[in-house]
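Okay, so here's the structure we're looking at.
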Amino acid sequence: MKLGIASDHAGYDMKEMLIEYLISQGHEVIDFGPSNTDSVDYPDYAKKLTKSVVEGESELGIGICGTGIGMSIACNKQKGIRAALCSDSLSASLTRQHNNANILNLGARIIGDELAKDIVDKFLNAEFEAGRHQKRIDKLEK
């Protein structure tokens, strides 16, 4: 799968760890930055990530900041994005199954690396169930 990933300075180390992990799992990863831990503004990186997902360059995206909240808010400003902040594996599966989320947001100061990997795996391996959930997605898109 071709995935986009972006963070702010607080999420940089987790982003780098996840890039390595995702590549080892056979995914292609587009890194939208940043390139170090210098202070940056998460909306700038969320914009790059969401553009990639909306335009189809990336199939799905992962956004990371300190809590995941700022990145989630910023991602959801973009039409066509359904970004979900997940701190547990069940939510990651369900947000794909029921909400057809196309961006996963993580809080690097909230969860550890092993949990982050499991959340990402659950998010990527779940599929949208459509059916009764589709009418809700259609309402979100209006």
Side-chain angles (χ1 to χ4, degrees), residues 1-131 133-134 136-142:
M1 186 178 297
K2 191 171 187 179
L3 306 168
I5 192 168
S7 72
D8 69 356
H9 52 282
Y12 174 79
D13 290 336
M14 182 173 280
K15 176 181 68 83
E16 294 299 304
M17 178 276 299
L18 285 173
I19 289 171
E20 185 177 310
Y21 175 71
L22 291 165
I23 290 171
S24 77
Q25 299 298 304
H27 298 286
E28 182 179 347
V29 181
I30 305 169
D31 181 359
F32 291 103
S35 59
N36 57 50
T37 58
D38 293 347
S39 183
V40 296
D41 298 328
Y42 59 81
D44 298 333
Y45 295 90
K47 185 174 183 178
K48 295 174 186 182
L49 177 61
T50 58
K51 182 176 187 233
S52 173
V53 172
V54 167
E55 293 180 355
E57 176 185 24
S58 302
E59 295 173 59
L60 295 171
I62 300 169
I64 310 160
C65 66
T67 62
I69 297 168
M71 188 66 83
S72 183
I73 292 168
C75 287
N76 279 311
K77 292 288 188 182
Q78 173 65 49
K79 185 173 175 48
I81 293 298
R82 290 171 306 285
L85 171 57
C86 296
S87 297
D88 66 89
S89 302
L90 179 60
S91 295
S93 293
L94 291 174
T95 197
R96 289 282 299 136
Q97 293 170 358
H98 296 183
N99 309 119
N100 200 17
N102 49 16
I103 293 184
L104 170 66
N105 294 115
L106 301 170
R109 295 177 178 153
I110 306 301
I111 61 171
D113 288 354
E114 293 308 309
L115 180 54
K117 290 176 190 176
D118 190 56
I119 290 170
V120 167
D121 286 343
K122 297 297 190 291
F123 182 81
L124 297 179
N125 291 316
E127 293 185 23
F128 181 48
E129 294 176 351
H133 304 292
Q134 184 60 54
R136 297 170 188 141
I137 301 305
D138 293 343
K139 288 180 179 183
L140 288 172
E141 292 300 315
K142 287 184 181 178

Handout entry: Close side-chain approach of Arg96 to Leu60, heavy-atom, < 4.5 Å
Key = yes
Problem - Heavy-atom side-chain contact between Ser52 and Phe32 under 4.5 Å - result: yes
Check [X] against [Y] and note the closest heavy-atom contact, atom names and distance.
{"X": "Leu106", "Y": "Ala116", "value": "CD1-CB, 4.4 Å"}
{"X": "Thr95", "Y": "Ala84", "value": "OG1-CB, 3.2 Å"}
{"X": "Ile110", "Y": "Ser87", "value": "CG2-OG, 4.1 Å"}
{"X": "Cys65", "Y": "Ile69", "value": "SG-N, 3.9 Å"}

Practice task
Quick one: do Leu115 and Ser89 satisfy side-chain contact (heavy atoms from CB on, under 4.5 Å)? Show the steps, please.
Solution key: CA-CA 8 Å; Leu115 180 54; Ser89 302; 4.1 Å; yes
Practice task
Can you establish whether the number of heavy atoms outside Tyr42 located under 6.0 Å from its atom OH is more than 12?
Solution key: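 Atom OH in Tyr42 is not crowded, with 12 or fewer foreign heavy atoms closer than 6.0 Å.
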Handout entry: side-chain contact (heavy atoms from CB on, under 4.5 Å) between Ile5 and Ile64, worked out
Key = CA-CA 8 Å; Ile5 192 168; Ile64 310 160; 4.2 Å; yes
Has the side chain of [X] got a donor or acceptor atom that lies under 3.5 Å from a matching backbone atom of [Y]?
{"X": "Ser24", "Y": "Tyr21", "result": "yes"}
{"X": "Asn102", "Y": "Gly80", "result": "yes"}
{"X": "Asn105", "Y": "Gly68", "result": "no"}
{"X": "Asp41", "Y": "Asp44", "result": "no"}
{"X": "Thr50", "Y": "Ala46", "result": "yes"}
{"X": "Asn99", "Y": "Ala101", "result": "no"}
{"X": "Lys15", "Y": "Pro34", "result": "yes"}

Practice task
For side-chain contact (heavy atoms from CB on, under 4.5 Å), just list the numbers for Met14 and Ile111, CA-CA rounded to whole Å, side-chain angles, deciding distance to a tenth of an Å, and then say yes or no.
Solution key: CA-CA 10 Å; Met14 182 173 280; Ile111 61 171; 4.0 Å; yes
Mind checking the [atom1]-[atom2] spacing from [X] to [Y]? Nearest 0.5 Å is all I need.
{"X": "Leu85", "Y": "Met71", "atom1": "CG", "atom2": "CE", "result": "11.5 Å"}
{"X": "Leu22", "Y": "Lys2", "atom1": "CG", "atom2": "NZ", "result": "14.5 Å"}
{"X": "Ile62", "Y": "Asp31", "atom1": "CD1", "atom2": "CG", "result": "11.0 Å"}
{"X": "Leu3", "Y": "Glu59", "atom1": "CG", "atom2": "CD", "result": "7.0 Å"}
{"X": "Asp121", "Y": "Ser93", "atom1": "CG", "atom2": "OG", "result": "10.0 Å"}
{"X": "Gln25", "Y": "Leu124", "atom1": "CD", "atom2": "CG", "result": "9.5 Å"}

Exercise for the section: Dump the intermediate steps for side-chain contact (heavy atoms from CB on, under 4.5 Å) on Leu18 and Lys117, then the final yes or no. Expected result: CA-CA 7 Å; Leu18 285 173; Lys117 290 176 190 176; 4.3 Å; yes
Practice task
Quick one: do Lys122 and Asp118 satisfy salt bridge (Lys or Arg N to Asp or Glu O under 4.0 Å)? Show the steps, please.
Solution key: CA-CA 6 Å; Lys122 297 297 190 291; Asp118 190 56; 2.8 Å; yes
Handout entry: ring-ring contact (aromatic ring centres under 6.0 Å, His included) partners of residues 78-117, not counting sequence neighbours, each pair once
Key = His98-His133
